[in-house]
Each structure stands twice: as C-alpha cells, then as structure tokens.
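None of the values given here were measured: they were computed from a predicted structure.
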Amino acid sequence: GDISEALALAVLDVCGAPAQTAALCKPGLTVVVVGGGGKSGVLCLYEAKKAVGKSGRVIALDYGKDAVEKLQRLPFVDTAETCDARNALAVYDQVRRLTDGKMADVVINVTNIPDTEMSCILSARPRGVVYFFSMATSFTRATLGAEGVGADVTLVMGNGYYPGHADLALRILRESSEIRAMYEKRYGAP
C-alpha cells in the first residue's frame with residue numbers, strides 16, 4: 001500500500017541484482033559497481049554498502065557525467081567516477097588507482113551495453129568475484145576473456161532470481177529516501 005504499482009514494477013524488474021549483491025558482499029570488502037547510475041546499479045550500491053559496512057568500500061563507475069554527479073551525493077557511495085566500461089585497460093588503471101593497487105573483491109556489472117566484460121574481469125583481484133547482471137553480457141566473451149588473461153576470478157552470471165529478492169528490493173525503497181526519490185522521479189510517484 002505504501003508503494004505505487006509503477007514504482008513496484010520498476011524495482012521488481014531488477015530485484016535479483018541487489019539480492020545477489022547482498023549475498024556476495026561481506027564486511028570489509030571493496031566493491032565496484034560498473035553502471036552504478038542505472039536502475040539496478042543504485043540498488044546494488046545500497047546493498048553493497050550495507051553489507052561491507054564502514055570498514056568496506058563501495059565504488060560506483062558510470063558513463064554519464066550527470067549520473068556520477070548524483071552518485072557522488074549518495075551517502076552509501078564512497079567514490080563515484082565516470083568511465084567507459086568498453087575500455088578495459090582504462091578501467092583497470094582507474095580501479096587500480098582507486099584501490100591503491102589492491103583491486104576489487106567484488107565487481108558488479110549492471111551496464112546496458114555490450115563489450116564491458118573485460119573491464120570488470122580486470123578490475124577484480126585474484127580470487128575475486130565478478131557478477132554480471134547485465135543482459136548485454138556475453139558468456140563466451142567473459143569466460144574466454146578471463147581464461148585468456150589468466151584471471152583467477154569467479155564469474156557469476158545473474159539470472160534475475162534470488163531467494164527473497166522481491167522483498168529485499170521493496171525494503172530498499174522503504175529504507176533509502178534517496179533511492180525512493182530517484183525512482184519516483186524516473187518511474188512515477190505514488
């Protein structure tokens with residue numbers, strides 16, 4: 001009753017991503033969300049920060065300058081910068097700089113464009129996790145690319161379902177006034 005149908009449909013469309021994020025992220029980890037300014041990106045950023053806590057770090061990367069400026073104002077984003085996720089080496093250098101060479105424990109890809117697999121794989125530390133929620137992801141490109149560069153990372157392909165995902169996503173709208181305001185502006189206020 002406290003969430004309009006339009007708002008509920010918008011958040012339920014991508015509810016698997018923040019639920020999987022919550023499962024992958026643990027206290028103290030460094031998490032990079034590529035495509036952080038999008039519909040599922042902000043939900044993932046929120047859940048990542050909730051999971052990693054003050055001892056962890058959440059980094060948002062997005063192509064759009066306006067999106068990054070909005071992300072920089074969110075209390076659950078530690079760092080937000082622009083990037084072109086199709087440029088794997090540039091993103092690798094950027095994440096290396098932002099993490100003092102340690103790279104990310106978890107990289108979450110929620111972009112809506114192809115050819116972003118390698119930037120995410122290269123951004124993860126050895127034995128790190130790369131979660132692809134983007135439907136533009138090529139399974140072949142990701143697996144063969146990781147093999148080709150000798151990246152010892154766990155690749156997780158999101159299918160949109162995770163136990164409790166709907167309740168978790170609706171809870172985010174109730175907990176985060178910032179995300180709720182963003183969603184209401186984009187997808188319709190109650």
*Asks:* Any side-chain to backbone donor/acceptor pair from Asp62 onto Ala67? Under 3.5 Å, distance only.
*Replies:* no

*Asks:* Hey, what do you get for CG (Leu170) to NE2 (His165), rounding to the nearest 0.5 Å?
*Replies:* 10.0 Å

*Asks:* List the atom of Val14, the atom of Lys39, and the distance in Å for their closest heavy-atom pair.
*Replies:*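 Distance-wise, the nearest heavy atoms are CG1-CD, 3.7 Å.
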
*Asks:* Among Arg125, Lys26, Arg57, find the residue that satisfies the salt bridge (Lys or Arg N to Asp or Glu O under 4.0 Å) test when tested with Asp105.
*Replies:* Arg125

*Asks:* Could you see if Leu24 belongs to whatever hydrophobic cluster contains Leu45? Use Ile, Leu, Val, Met, Phe, Trp, Tyr and a side-chain cutoff under 4.5 Å.
*Replies:*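 Looking at the clustering, Leu45 is in the same group as Leu24.
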
*Asks:* Are Leu74 and Val68 connected in a single hydrophobic cluster, I mean Ile/Leu/Val/Met/Phe/Trp/Tyr linked by side-chain heavy atoms less than 4.5 Å apart?
*Replies:* no

*Asks:* If only side-chain N and O atoms count, and only distance matters, is there a donor-acceptor pair under 3.5 Å linking Thr30 with Thr99?
*Replies:*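 There is no such pair between these side chains.
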
*Asks:* Which value, rounded to the nearest 0.5 Å, describes the distance between Met135 atom CE and Ser40 atom OG?
*Replies:*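 It is 9.0 Å, given to the nearest 0.5 Å.
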
*Asks:* Using a 3.5 Å distance criterion without hydrogens, assess whether the side chain of Thr21 forms a donor-acceptor pair with backbone atoms of Cys44.
*Replies:*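 Side chain of Thr21 to backbone of Cys44, a donor-acceptor pair under 3.5 Å: no, none is there.
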
*Asks:* How are the rings of Tyr183 and Tyr187 set relative to one another: parallel (under 30°), tilted (30 to 60°) or perpendicular (over 60°)?
*Replies:*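 Tilted, since the angle between the ring planes falls between 30° and 60°.
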
*Asks:* Are Leu168 and Pro18 packed together at the side-chain level, in the sense that at least one heavy-atom pair is separated by less than 4.5 angstrom?
*Replies:* yes

*Asks:* Same hydrophobic cluster for Val33 and Val156, using side-chain heavy-atom links shorter than 4.5 Å among ILVMFWY?
*Replies:*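 Yes, Val33 and Val156 fall within the same hydrophobic cluster.
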
*Asks:* Are any of the side-chain nitrogens in Glu184 or Arg180 under 4.0 Å away from the carboxylate oxygens of its partner?
*Replies:*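 Judged by the 4.0 Å cut-off on N to carboxylate O distance, Glu184 and Arg180 do form a salt bridge.
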
*Asks:* Restricting to non-hydrogen atoms, name the atom on Ala8 and the atom on Ile3 that form the minimum distance, rounded to 0.1 Å.
*Replies:*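 For Ala8 versus Ile3, the nearest heavy atoms are N-CG2, 3.7 Å.
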
*Asks:* Any chance the side chains of Arg86 and Ser119 put a donor and an acceptor closer than 3.5 Å?
*Replies:* no

*Asks:* Can you tell me how far apart CD1 (Ile172) and CZ (Phe76) are? Round to the nearest 0.5 Å.
*Replies:* 8.5 Å

*Asks:* Which residues, ordered by chain and number, are linked to Met118 in its hydrophobic cluster, where ILVMFWY side chains connect at heavy-atom gaps below 4.5 Å, directly or through other members?
*Replies:* Val32, Val34, Ile59, Leu61, Leu89, Val91, Tyr92, Val95, Leu98, Met103, Val107, Ile121, Leu122, Val130, Phe132, Phe139, Val149, Val153, Leu155, Met157

*Asks:* Examine the side chains of Tyr46 and Glu178 and answer whether a donor and an acceptor come within less than 3.5 Å of each other.
*Replies:*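 Judged by distance alone, the side chains do not pair up.
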
*Asks:* Tell me whether Phe133 is reachable from Leu12 by hopping between hydrophobic residues (I, L, V, M, F, W, Y) whose side-chain heavy atoms are closer than 4.5 Å.
*Replies:*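 Result: yes, single cluster for both.
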
*Asks:* Hey, any chance Val58 and Met182 share a hydrophobic cluster, counting ILVMFWY side chains that come within less than 4.5 Å of each other, even indirectly?
*Replies:* yes

*Asks:* Can you tell me how far the OG1 atom of Thr82 sits from the CG atom of Leu71, to the nearest 0.5 Å?
*Replies:*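 Here the rounded value is 11.0 Å.
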
*Asks:* At their closest point, which heavy atom of Ser176 faces which heavy atom of Ile179, and how far apart are they?
*Replies:* OG-N, 3.1 Å

*Asks:* Does Lys65 reach the main-chain N or O of Glu69 with its side chain, forming a donor-acceptor pair under 3.5 Å?
*Replies:* no

*Asks:* Tyr63 versus Asp84: any side-chain heavy-atom pair under 4.5 Å?
*Replies:*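 The answer is yes, as the side chains (C-beta and beyond) meet within the 4.5 Å cut-off.
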
*Asks:* Would you check if the side chain of Ser134 reaches a backbone N or O of Val110 as a donor-acceptor pair within less than 3.5 Å?
*Replies:*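 It does not hold such a pair.
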
*Asks:* Applying salt bridge (Lys or Arg N to Asp or Glu O under 4.0 Å), run through Arg127 and Asp152 and close with a yes or a no.
*Replies:* CA-CA 5 Å; Arg127 303 280 168 116; Asp152 182 17; 2.4 Å; yes

*Asks:* Please check if the side chain of Gln94 supplies one atom and the backbone of Cys83 the other of a donor-acceptor pair under 3.5 Å.
*Replies:*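 Answer holds: no.
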
*Asks:* Return the minimal non-hydrogen interatomic distance between Cys25 and Val52, and the atom names on each side.
*Replies:*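 That would be CB-CG1, 4.1 Å.
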
*Asks:* Less than 4.0 Å between a side-chain N and a carboxylate O, is that true for Arg171 and Glu47?
*Replies:* yes

